[in-house]
Amino acid sequence: MFDIAHMKSEVAKILEQYKGKTFKNRKGHVLVVDSAEAPQVIEADCRTIPGIITERGCCYAGCKGVVVGPLKDTIALTHGPIGCGYYSWLTRRNKARKNEGDEFNFLPYCFSTDMQETDVVFGGEKKLKQAITEVVDIFKPKSIMICSTCPVGLIGDDINAVARWSEETYGVQTISYSCEGYKGVSQSAGHHIANNGLYKNIIGTGTDPSVKKQYSINILGEYNIGGDGWEIERILNALGYNILAMMSGDGSVERLRNAHLADLNLVQCHRSTNYNAELLRDTYGTDWVKVNFLGVRSTIQSLRDVALYFGDPDLIARTEEFIYKELEAIEPEIEKYKKVCQGKTVALFVGGSRANFFQGLFEEIGMETVLAGFEFAHRDDYEGREVIPTIKENADNKNIESLTAKRDEKRYRVLLSQEKYEELEKKMELNDFKGMIKIMKDGSVVVDDINHYEIESFMKVLKPDLFGSGIKEKYVIHKMGTLSKQIHSYDYSGPFAGFKGAVIFARDVAMGLTAPVWSMVKPKWKAEPAPKSFVEEVR
Ligand code: SF4
């Protein structure tokens, strides 16, 4: 790890290249971890500087692409020109399959109103109605989610009125999301809008109490990338948990309707679902626990925390036995790959959660994280939820509706006594998240909303052996002669979650680091001096 003072001076040199306001802005978004200075404050969830080559996406991507899109039994209808729907069509690997009893899996389709110039001039509501008519006629869905794109808000299409019309005309539940791309500053606003829509219209509308069994849980913020959710399900099912809903990987609206019946919510991605975790707690009394199924150690910790929450000695013993057996199966495999990865370093820049999750996975194969950052996380994801009361609203997030939950007196129930709650609070992140900075080592760097210039600069200073990020950065890094792994799409591999996923992850990293291509980056004629005789001849 780097010396704190040295790293601070390197960061200062990188930031000094900015002029005036840009310098003032960016200096708040970069810090060197220094436990002596704790608590360290970072600026996040602020407007991106125009022209800086950010890695961020938009509000529509956060709503339709991340939260609503993975629900397999609803039609996510993009209202806008074709680009938004087309570029988000099957590019996020939120896998889904039709299980026994499932009626639909609409995920392979791309539904868009394909707005044209005339729709922008005369309004797109007519076309949206026509699209709904066709969708109902052809696919006969139980629900439709209308997702707005940039022009929709600008031309004033009333998607709420169209949704009402759709329900009245066809009897199909239709939910409208005003998730125009320019809202907020990143994907994050879209997560919030999607959470609100699901909370107001779906969760709690289930009418089948028979789905509730012992140890009923929901998994919030798990999107089944590369099958992660299925590995998590395998583990939790083996331990006897009853998973009511997954929000929203391989998820369905019909299952989400009963999410209010859960005894506990497991929150994997804090950024995208903390809204509903809190709303469900206030409305129904359901506690949530922060889990992390990416990494063997964190998977074990999460399983122990959940078992401890229920407090059943049988469940706790079963959990330990299960962990023992799983470890026995995977440890020799991981050790094999660890030999290759040991001592190497990694830089991570991913969305709003994974730069945190993956640090444990890398550590388990002997790799140290020297830089980590998020595209669109908020200060609480970096510093912990205790800073939430100090976060100031700004012009960009003020217009995103923040719901206040009303207690559902009939269905509200509390599982833990005050005494038990206080005892568990000390042992786990119960209704709490401590943030990423606390798990990072002194001298490592945290960067919020990194840009192209900063990626290049930090690559030169930190020289990591691996850069874990997304598709936009991948080939820039490869052209610099360094391995890049996609932490969003898993380079079309996975799952990486749970016990089995950790082995696939270790194998993929070891394979990447040992690929012969890295020894061929420098052409031989550059690496080896020309023969002396030849040089003399030329002279
Ligand atoms: S920014 Fe606007 S146009 Fe671009 S993808 Fe998002 S919604 Fe579509």
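Note that ligands are numbered from 1 as they come in the structure, with each ligand's atoms numbered from 1 the same way.
- Between Phe139 and Phe111, the ring-plane angle classifies as perpendicular under the 30° and 60° cut-offs.
- Once rounded to the nearest 0.5 Å, the distance linking CD1 of Ile225 with OH of Tyr490 reads 6.5 Å.
- Regarding atom 2 (Fe) of ligand 1, its nearest protein heavy-atom neighbour is Cys150 SG, 2.3 Å.
- Aromatic pair Phe349/Phe374: centroids not less than 6.0 angstrom apart.
- Cys58 SG, 2.3 Å is the protein heavy atom nearest to atom 6 (Fe) of ligand 1.
- When the options Gly181, Cys179, Cys84 are ranked by their closest heavy atom to atom 3 (S) of ligand 1, first place goes to Cys84.
- The distance from ligand 1 to the heavy atoms of Thr149 drops below 4.0 Å at these ligand atoms: 7 (S).
- Taking the ring axis of Trp165 as reference, the NZ or CZ atom of Lys129 stays within 45° of it and closer than 6.0 Å to the ring centre.
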